[in-house]
Student: 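Take a look at the following structure, please.
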There are 2 protein chains.
Amino acid sequence: MNADTKPSDLIDGLRKGLEVILAFDDSSPQMTQSELALRIDLSRAAARRYLLTLTSLGYMATDGKYFWLTPKVMQLGRSFTSSSRLPRTIQPELQALTERCGESTNFAVLEGVEAVYVCCANANRLLSTGIEPGTRLPGYTSTAGRLLASFLDDQALDQWINQSAPRAHTQVTVTDHATLKREISKMRKQGYGITESQFEPGLRGISVPLRDSANNLIGAISVSMAVSAMTSSAAVKKLVPMLNQTAARLAQKL
Amino acid sequence: MNADTKPSDLIDGLRKGLEVILAFDDSSPQMTQSELALRIDLSRAAARRYLLTLTSLGYMATDGKYFWLTPKVMQLGRSFTSSSRLPRTIQPELQALTERCGESTNFAVLEGVEAVYVCCANANRLLSTGIEPGTRLPGYTSTAGRLLASFLDDQALDQWINQSAPRAHTQVTVTDHATLKREISKMRKQGYGITESQFEPGLRGISVPLRDSANNLIGAISVSMAVSAMTSSAAVKKLVPMLNQTAARLAQKL
DNA sequence: ATATTTTGTGCGATAATCGCACATATGTTC
DNA sequence: GAACATATGTGCGATTATCGCACAAAATAT
């Protein structure tokens, strides 16, 4: 929560309501009012009111006891995609790239210490990246996140790494601050990033920066693939030029 | 708004806050607090509070005057996709189908008189469907919407058509109630639906029902394509079996 | 430099939202 | 089927969240 805003300028009913929506996930696809109250620390009466409000507005449905989200909540996420030129411009280019290279591609931005995936074009592969629009990953475990962090100045990068509090997600996740910093700095020098098995075993990410026509850094576009698909040097040789070509085409449109 | 719920059970701050998010779109990608107040009938002070709240929570950003949505709002839509087995099960099958048939595919459900697209696997085509997860179209202009409406009983279908208040989107949109009912009823009989240029000129949709293993109607899966790609009879011949095959595979998983 | 428009903010008022307690309904156990 | 436990519905009074206003300050337009 941004500490700058005065509490009297904040609408707590909205904050709680959004927290209710976010409380539903694959471990709790449906909840009773009592379960929700326990999960997000609301009174049962308050939980009931938020659930009834969301149901009344069409964002949830109920059988009288359990509540679950409806597809209408996707409308909220779509407010972002329909209000922003970026996803609408980038998505077709990523789909074309996915078709040319045969691997899943995506576009991510950095939000604090998290990499947020805004666009995805998934290839039909057995190994699924699990990345879809809206996905957020710890930036230090994401090639895109690291590449984008590489553009921070030295002090800001140190702070970013500290704030990330790196911990292992796989047996080879880099958690040592100095090693992480070195690997991130190397990405900036070479103009692209590559990581393997940092968030999920067997998954490789290759990223290049995406800039607009004024040369402002917009985010990163990436390929996500199985490490078994080809060696990392073959992957770099094949995919970095293709990513750069897509980035150049997009730079003219943005 | 559902009329069943008592006003005292509703949280108006949440309703207004969600309305604020939905106010941003491609015609208003960013707004000042005064513009928002005019757009959704809030006082300027209230508009300011909602914008500051959403900014504080990370869903919006500001340059001090204008406000715009951030990718974080996609998180809200993701609560639906991560809390529901349906999209996670259906999406990979649609991607495989898109790759096999070379056209965009999608999964839609009916919400009232609207068709809501929950999953999409878009092919790399010049003619883009513009359909993405969360898209809502008037059901009567959508092949999926019509096919799903065809399972309503006779009286409910009449009511559905009346509530839809059909109006022309293209030069050939069916708006006559009797004609629409006849075309919808035909879809049920033949077990699939096909329409052309009902919402957008030059776009053909072919849909089949999707059922779960208990034979409950879940929604419809569809191909969307350019009418110029092939004749409608060739499209039916090629695509209906492929859609039915995917529906059958999914029926075993759902 | 001036006029106009927009925004920031403190304030008192109102009503939205709160949590509680009790009645009712539902589910579980014997 | 009865007893018990758990969950839900609801009315209520209390609290405070949210309201809109008015004025000052800042930004923008001329």
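Each chain gets a letter, A, B and so on, in the order its sequence line appears, and its residues count up from 1. The structure displayed is predicted, hence computed values, not measured ones.
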Student: From CZ of B:R15 over to C1' of D:dC19, roughly how many Å is that when rounded to an integer?
Tutor: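 Computing the B:R15:CZ to D:dC19:C1' distance gives 14 Å.
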Student: Go through the structure and list residues passing salt bridge (Lys or Arg N to Asp or Glu O under 4.0 Å) with A:D153, not counting sequence neighbours.
Tutor: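 If we apply the salt bridge (Lys or Arg N to Asp or Glu O under 4.0 Å) test to A:D153, skipping adjacent residues, there are no hits.
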Student: Determine which pairs satisfy salt bridge (charged side-chain N to carboxylate O under 4.0 Å, His left out) with at least one residue from residues 59-73 of chain A, sequence neighbours left out, and list them in order.
Tutor: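 Not a single pair qualifies under salt bridge (charged side-chain N to carboxylate O under 4.0 Å, His left out).
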Student: Excluding sequence neighbours, so at least two apart, what forms salt bridge (Lys or Arg N to Asp or Glu O under 4.0 Å) with A:E111?
Tutor: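 Result, salt bridge (Lys or Arg N to Asp or Glu O under 4.0 Å) vs A:E111: A:R136.
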Student: Mark up nucleotides 17-27 of chain C, 5' to 3', with B wherever a protein heavy atom is under 4.0 angstrom from a base atom, S wherever such an atom reaches only the sugar-phosphate, and - elsewhere.
Tutor: SBBBB------
Student: Among all residues two or more places apart in sequence or in another chain, which pass the side-chain hydrogen bond (donor to acceptor under 3.5 Å, both in side chains) test with A:N162?
Tutor: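 A:N162: side-chain hydrogen bond (donor to acceptor under 3.5 Å, both in side chains) contacts with A:H177.
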Student: Of all residues at least two apart in sequence or in a different chain, which pass the salt bridge (Lys or Arg N to Asp or Glu O under 4.0 Å) check with A:D26?
Tutor: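 Checked A:D26 against salt bridge (Lys or Arg N to Asp or Glu O under 4.0 Å); zero matches.
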Student: Starting from P on D:dA26, measure out to CD on B:Q33 and report it in whole angstrom.
Tutor: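 Rounded to whole Å, this separation is 15 Å.
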